[in-house]
Amino acid sequence: MRYDLVIFDNDGVLVDSEPLSNRLLADYLTELGHPTTYEDSLRDYMGAALHRVHELVEQRSGQRLPTDFDDVFQGRVFAAFERELQPVPGVAGVLERLAEDGVAYCVASSGSHARIRVGHRTTGLDRWFDDPRIFSADDVGRGKPDPALFRHAADRMGVPAERCVVVEDSPLGVLAARAAGMDVVGFTAMTPAARLQEAGAPPEQLFDDMRHLADLLK
C-alpha cells in the first residue's frame with residue numbers, strides 16, 4: 001500500500017449516520033423557527049462541526065440558537081443511533097484488511113468524541129478503534145474545512161502529511177484534507193461526485209462502494 005496512514009472521516013464513511021443526523025437537524029432547526037429541509041442540511045452542514053450550524057443560522061437570520069441547542073440535538077441523535085445506526089456496508093472488511101496488512105489507520109471527525117464513541121459502540125466498530133485512534137474537532141477547537149484536525153491526527157499518529165490519505169464523503173472534508181497537504185479519496189454514496197471533485201477530490205479517486213476502497217489505496 002502506498003500510504004503509511006489512512007485517516008477516515010466518521011459520519012457517512014464508517015457509520016451510516018448522515019441520513020439520520022441530517023433529518024434530525026433539519027427537523028430541529030425548523031422547530032426552532034429556521035425552516036430547513038433535509039436537502040438543505042446535507043448541503044450546508046454535512047461534514048461540519050456544530051459551530052458551523054450556529055454561525056450560519058446567526059448569519060442568515062440574525063438570531064442565535066438556544067444555549068442548550070448542542071445538548072438537545074446530540075441527545076436526539078444519540079437516541080436515534082441506539083435505535084437505527086448501522087455501519088457503512090463493507091467498512092469492516094476494509095478495516096480488517098488494513099489491520100492484516102499492518103497499515104496504520106485512525107478516524108478524524110468533526111463530531112464530538114461522545115458522538116464518535118456512541119456510533120462505534122452501537123455498530124460494533126469500537127473493536128477497531130481504541131482511544132489513540134480517535135480524533136475529534138473537539139481536540140483542536142475547529143472543524144472542517146479547517147485542516148487543523150487532519151494535521152493533528154497525523155502528528156499524533158507520527159506520520160507526515162504527504163504519507164497520509166483521507167477517506168471523505170463531504171466537500172468540507174475534502175477541502176480540509178487538501179489544505180492539510182494530504183491525498184484524498186472521495187466516497188460518493190451520499191454526495192454527488194461533482195461536488196467532491198469541485199472541492200479537490202481527483203476524479204480517479206472517487207468511489208461509491210466501500211468494498212472498492214482498498215484497491216484505490218494501492
Under 3.5 Å donor-acceptor, [X] side chain and [Y] backbone:
X    : Y    : answer
S136 : G111 : yes
D155 : H152 : no
D101 : V103 : no
T30  : T36  : yes
R52  : G143 : no
S110 : G47  : yes

Do [X] and [Y] have side chains that approach each other closer than 4.5 Å (heavy atoms only, starting at C-beta)?
X    : Y    : answer
R133 : R156 : no
D169 : T188 : no
D16  : P19  : yes
L56  : D44  : yes
F8   : V88  : no
V107 : W128 : no
L95  : L125 : yes
P171 : T191 : yes

Interatomic distance, [X] atom [atom1] to [Y] atom [atom2] [nearest 0.5 angstrom]:
X    : Y    : atom1 : atom2 : answer
D209 : F187 : CG    : CZ    : 7.0 Å
T37  : N22  : OG1   : CG    : 10.0 Å
S21  : F81  : OG    : CZ    : 5.5 Å
R121 : L85  : CZ    : CG    : 10.5 Å
E31  : D27  : CD    : CG    : 8.0 Å

Should L217 and V165 be marked as a side-chain contact (heavy atoms from CB on, under 4.5 Å) after you check the CA-CA gap, both sets of side-chain angles, and the distance that decides it? CA-CA 8 Å; L217 302 181; V165 62; 3.8 Å; yes

How is the hydrophobic cluster of L206 composed, in terms of its other members, when Ile, Leu, Val, Met, Phe, Trp and Tyr link through side-chain heavy atoms under 4.5 Å apart, directly or indirectly?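 So far as hydrophobic clustering goes, L206 is joined with L5, I7, F135, V140, L149, F150, M157, V159, V166, V174, M182, V184, L196.
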
Among R195, R178, K144, find the residue that satisfies the salt bridge (Lys or Arg N to Asp or Glu O under 4.0 Å) test when tested with E168.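 Filter result, single survivor: K144.
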
Do [X] and [Y] sit in one hydrophobic cluster, given that two such residues count as connected whenever their side-chain heavy atoms are within less than 4.5 Å of each other, even indirectly?
X    : Y    : result
V57  : L42  : no
L172 : V53  : no
V13  : M46  : no
L213 : M190 : no
I116 : V91  : yes

Side chains of E55 and H51: donor-acceptor distance under 3.5 Å anywhere?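 The criterion, which ignores hydrogens and geometry beyond distance, is satisfied for H51 and E55.
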
Residues N10 and S109: side-chain donor-acceptor under 3.5 angstrom: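 Absent: no donor and acceptor within the cut-off.
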
Would the number of heavy atoms belonging to other residues, nucleotides or ligands and lying under 6.0 Å from [atom1] of [X] be above 12?
X    : atom1 : answer
R43  : CZ    : yes
R211 : CZ    : no
R64  : CZ    : no

Identify whether NZ of Lys or CZ of Arg in R115 sits under 6.0 Å from the centre of the six-membered ring of F78 and within 45° of that ring's axis.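 That pair does not qualify as a cation-pi contact.
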
Steps toward side chain to side chain donor-acceptor pair (under 3.5 Å) verdict (Y3, D183): CA-CA 9 Å; Y3 299 103; D183 283 357; 2.7 Å; yes

What's the verdict on ring-ring contact (aromatic ring centres under 6.0 Å, His included) for H212 and F207, showing C-alpha distance, side-chain angles and the deciding distance? CA-CA 7 Å; H212 300 158; F207 69 109; 7.9 Å; no

Please collect all ring pair (Phe, Tyr, Trp, His ring centres under 6.0 Å) contacts where either partner lies in residues 22-42, sequence neighbours excluded, each pair once.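 Of all non-adjacent pairs touching residues 22-42, those that pass ring pair (Phe, Tyr, Trp, His ring centres under 6.0 Å) are Y28-F69.
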
Ion pair check, E96 and R127, cut-off under 4.0 Å: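 A salt bridge is absent here (no side-chain N lies under 4.0 Å from a carboxylate O).
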
Salt bridge (charged side-chain N to carboxylate O under 4.0 Å, His left out) assessment of R23 paired with E18: CA-CA 8 Å; R23 186 187 72 236; E18 294 292 8; over 6 Å; no

Worked verdict on Q86 versus T123 for side chain to side chain donor-acceptor pair (under 3.5 Å): CA-CA 5 Å; Q86 298 293 321; T123 59; over 6 Å; no

Apply side-chain contact (heavy atoms from CB on, under 4.5 Å) to the pair V118 and H113, showing each step before the final yes or no. CA-CA 9 Å; V118 168; H113 276 282; over 6 Å; no

So which atom in L175 and which in P145 form the shortest heavy-atom distance, rounded to 0.1 Å?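 So the two residues come closest at CB-CB, 3.9 Å.
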
Criterion side-chain contact (heavy atoms from CB on, under 4.5 Å) on R2 and K218, from CA distance to verdict: CA-CA 6 Å; R2 57 187 166 137; K218 291 179 180 178; 5.8 Å; no

H54 vs D70, test: side-chain contact (heavy atoms from CB on, under 4.5 Å). Steps then yes/no. CA-CA 9 Å; H54 289 265; D70 291 9; 2.7 Å; yes

